[in-house]
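Here the structure is a predicted model, which means the values were calculated and not measured. If you read the sequence from its start, that first residue is 1, and numbering goes on from there.
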Amino acid sequence: MPSSVKALGQARPPGASMAPQAHCCSPAAVQRRLPILAWLPDYSLQWLKMDFIAGLSVGLTVIPQALAYAEVAGLPPQYGLYSAFTGCFVYFFLGTSRDVTLGPTAIMSLLVSFYTFHEPAYAVLLAFLSGCIQLAMGFLRLGFLLDFISCPIIKGFTSAATITIGFGQIKNLLGLQDIPRQFLLQVYQTFRKVGETRVGDAVLGLVCMVLLLVLKLMRDHVPPVHPEMPPGVRLSHGLVWTATTARNALVVSFAALVAYSFEVTGYQPFVLTGKTTEGLPPVRIPPFSVTTANGTVSFTEMVQDMGAGLAVVPLVGLLESIAVAKSFGLTNVLGSLVSSYPVTGSFGRTAVNAQSGVCTPAGGLVTGLDLLPLCLTFLLCFWEVQYGILAGTLVSVLILLHSVARPKMQVSEGPVLVLQPASGLHFPAVEALREAFLTRALEASPPRCAVLECTHVCSIDYTVVLGLEELVGDFHRHGVSLAFVGLQVPVLRVLLSADLKGVQYFSTLEEAEKYLRQEPGTQPYNVSEDSVPEHKIALLKA
């Protein structure tokens with residue numbers, strides 16, 4: 001073996017030879033699978049203090065949120081509470097971000113309402129199956145599938161969900177009854193029944209909204225604490241900070257106190273949630289069948305009824321959060337054992353967690369525009385969520401495929417035509433490449449030589465090889481030449497293995513143009529092992 005080949009074969013960064021042999025039970029590998037081991041040994045009292053404050057703040061926030069999300073999901077209120085606590089314990093051990101919190105969210109609750117028909121058994125089974133799918137995606141490393149769901153799709157979906165959820169709360173604010181959940185019908189019936197508004201619900205709702213806004217403004221304008229402040233000032237600052245941070249819980253408590261006061265007097269001007277089941281849910285396997293008035297619905301029938309929800313819910317759950325699929329999967333699987341419906345990472349509670357100074361997971365997206373997928377997803381999500389996501393994904397994939405099949409090409413006109421693909425060269429682009437050379441070089445009068453500048457082409461396949469061979473033949477039949485410049489080693493390797501005849505390439509564009517203009521002093525390299533430069537032979541064999 002030549003020395004250059006040996007050197008290339010032996011050269012590697014220090015320690016790289018050990019990487020493939022790293023034991024699966026090494027400390028680093030264990031920490032990757034159980035992240036708690038990475039931060040627990042260094043845990044401090046200061047961290048405990050900050051985590052306690054952050055955890056308490058998020059806990060006070062999640063209780064009223066969970067009750068509201070259960071209503072959005074069309075489930076009894078206790079299921080929102082059941083769904084709120086399991087993720088905290090799972091993420092404590094498997095969490096990789098100190099800020100993220102898992103639990104019910106508005107978007108996930110909306111999806112649950114679409115696919116579970118307001119039946120708790122369906123919701124719990126959906127949590128279990130979604131967790132299994134997410135776990136499978138994590139173990140099989142299928143996360144790349146999420147790359148095909150672009151930012152415009154996420155933006156369109158979340159924008160539509162925001163409007164749907166927000167408008168859906170108007171009926172509660174006005175105390176309207178018997179409003180359908182389908183968005184367009186909901187809009188129609190809300191305006192139709194606006195005359196039936198209950199004054200008590202409307203007044204209490206508006207007062208609560210004003211209180212939330214005032215407390216938020218106070219939270220944004222609380223001055224920072226300085227060590228030289230008197231103890232009394234620091235104490236008052238802490239009380240104001242706690243009250244404004246836990247504003248959701250305080251406002252819900254205020255509303256509950258008002259409603260209870262009227263209940264005691266025997267007059268109730270509000271629509272109440274009603275009695276909520278007390279205590280923790282029993283630990284049991286998810287329901288794989290459900291008994292209704294019309295008989296027993298089997299597991300197969302339940303799965304068929306949920307349909308696209310088994311794909312949409314796990315994917316949206318992963319999209320809505322930034323963490324490892326394994327954490328979400330275990331949270332949903334274990335949550336289903338305590339009657340939880342599907343959960344994911346909460347943006348709202350995560351913000352509270354971060355602002356509260358959380359230090360570790362013990363405390364509890366990039367924007368983009370592409371107008372067509374965004375608008376399509378946004379509009380169709382008002383009809384059915386799965387149709388919006390599917391349509392937006394298909395349009396995004398079509399846009400991606402179009403860029404692959406019709407790559408941008410830089411063209412330099414002159415005695416010798418120079419064409420440089422601005423990106424990779426894949427088999428769908430062969431026809432576009434052939435058409436460009438035919439129209440610009442071979443159909444010219446007279447035909448002229450051309451150069452294919454391959455600096456950005458890092459790999460080719462068999463279809464591309466056949467297309468290039470046919471293109472070289474076309475130039476030869478017209479009495480002109482097609483030369484190649486900037487062939488990278490992987491491309492050369494494919495061309496050599498294909499035994500492609502007649503392909504000539506040069507190290508630089510200047511050499512290629514000089515040869516094609518029939519100026520003496522330059523000779524091309526032919527794609528054969530006998531004529532490939534020695535240093536590239538070494539690279540090819542390495």
Side-chain angles (χ1 to χ4, degrees), residues 53-54 56-73 77 80-81 84 103-107 109-110 158-159 161-177 179 183 186-187 189-191 193-224 235-265 267-274 276 346-356:
I53 295 173
L56 182 62
S57 302
V58 176
L60 293 173
T61 302
V62 74
I63 293 175
Q65 278 189 341
L67 296 174
Y69 289 151
E71 195 278 334
V72 173
L81 298 175
T105 65
I107 292 176
S109 300
L110 182 64
T158 53
S159 299
T162 299
I163 295 174
T164 302
I165 294 168
F167 192 87
Q169 299 308 306
I170 293 180
K171 67 180 187 300
N172 299 326
L173 180 66
L174 302 180
L176 302 180
Q177 301 291 312
I179 301 295
F183 180 73
Q186 187 178 102
V187 173
Q189 290 293 340
T190 298
F191 283 106
K193 295 186 175 184
V194 71
E196 302 174 13
T197 298
R198 296 171 60 98
V199 177
D201 287 298
V203 171
L204 181 61
L206 291 174
V207 169
C208 289
M209 292 173 63
V210 171
L211 287 176
L212 285 172
L213 180 60
V214 170
L215 290 172
K216 183 180 185 301
L217 292 175
M218 290 177 61
R219 175 71 172 85
D220 296 337
H221 293 85
V222 173
L235 177 61
S236 61
H237 180 281
L239 292 176
V240 171
W241 179 88
T242 302
T244 54
T245 301
R247 56 186 177 272
N248 291 343
L250 291 178
V251 170
V252 170
S253 300
F254 161 76
L257 183 61
V258 171
Y260 179 73
S261 300
F262 279 98
E263 183 81 15
V264 171
T265 63
Y267 173 69
Q268 188 54 268
F270 313 117
V271 177
L272 300 181
T273 302
T276 302
S346 164
F347 287 126
R349 292 190 299 276
T350 295
V352 173
N353 215 16
Q355 293 171 3
S356 303

Looking at every non-hydrogen atom in both residues, tell me the closest pair between F270 and G200 and how far apart they are. CE2-O, 3.2 Å

Is there a side-chain contact between F262 and V258 in this structure, where contact means two heavy atoms from C-beta onward sitting under 4.5 Å apart? yes

Kindly determine whether T244 and K216 satisfy side-chain contact (heavy atoms from CB on, under 4.5 Å), including the steps that lead there. CA-CA 6 Å; T244 54; K216 183 180 185 301; over 6 Å; no

Between Y69 and T105 the two heavy atoms that sit nearest each other are CE1-CA, 3.8 Å

Closest non-hydrogen atom pair between L217 and H221, with its separation: O-ND1, 2.7 Å

Nearest-0.5 Å distance, NZ of residue K171 to CG of residue L176: 9.0 Å

Counting only heavy atoms not in Y260 (residues, nucleotides, ligands), do more than 12 fall under 6.0 Å from its OH? no

One should read off an interatomic distance between Q169 CD and E71 CD, to the nearest 0.5 angstrom, of 5.5 Å

Point-to-point distance, once rounded to the nearest 0.5 Å, from CD1 of I170 to CZ of F191: 6.5 Å

Would you check if the side chain of D201 reaches a backbone N or O of N172 as a donor-acceptor pair within less than 3.5 Å? no

Can you measure from CZ (R198) to CG (L174) and round to the nearest 0.5 angstrom? 11.5 Å

With V210 as reference, evaluate V207, L213, V214 under the side-chain contact (heavy atoms from CB on, under 4.5 Å) test and give the passing residue. V214

Rounded to the nearest 0.5 Å, how far does OG1 of T276 lie from CG of L81? 7.0 Å

In short, A202 meets T197 closest at the heavy-atom pair CB-CG2, 4.1 Å

Reported CG-to-CZ distance for the pair L110 and F183, which is rounded to 0.5 angstrom: 10.5 Å

Smallest heavy-atom separation, A84 atom then A66 atom, equals CB-CB, 4.2 Å

Ignoring hydrogens, what is the shortest heavy-atom contact between L204 and F254? Give both atom names and the distance. CD1-CE2, 4.4 Å

L215 and V251, any side-chain heavy atoms less than 4.5 Å apart: yes

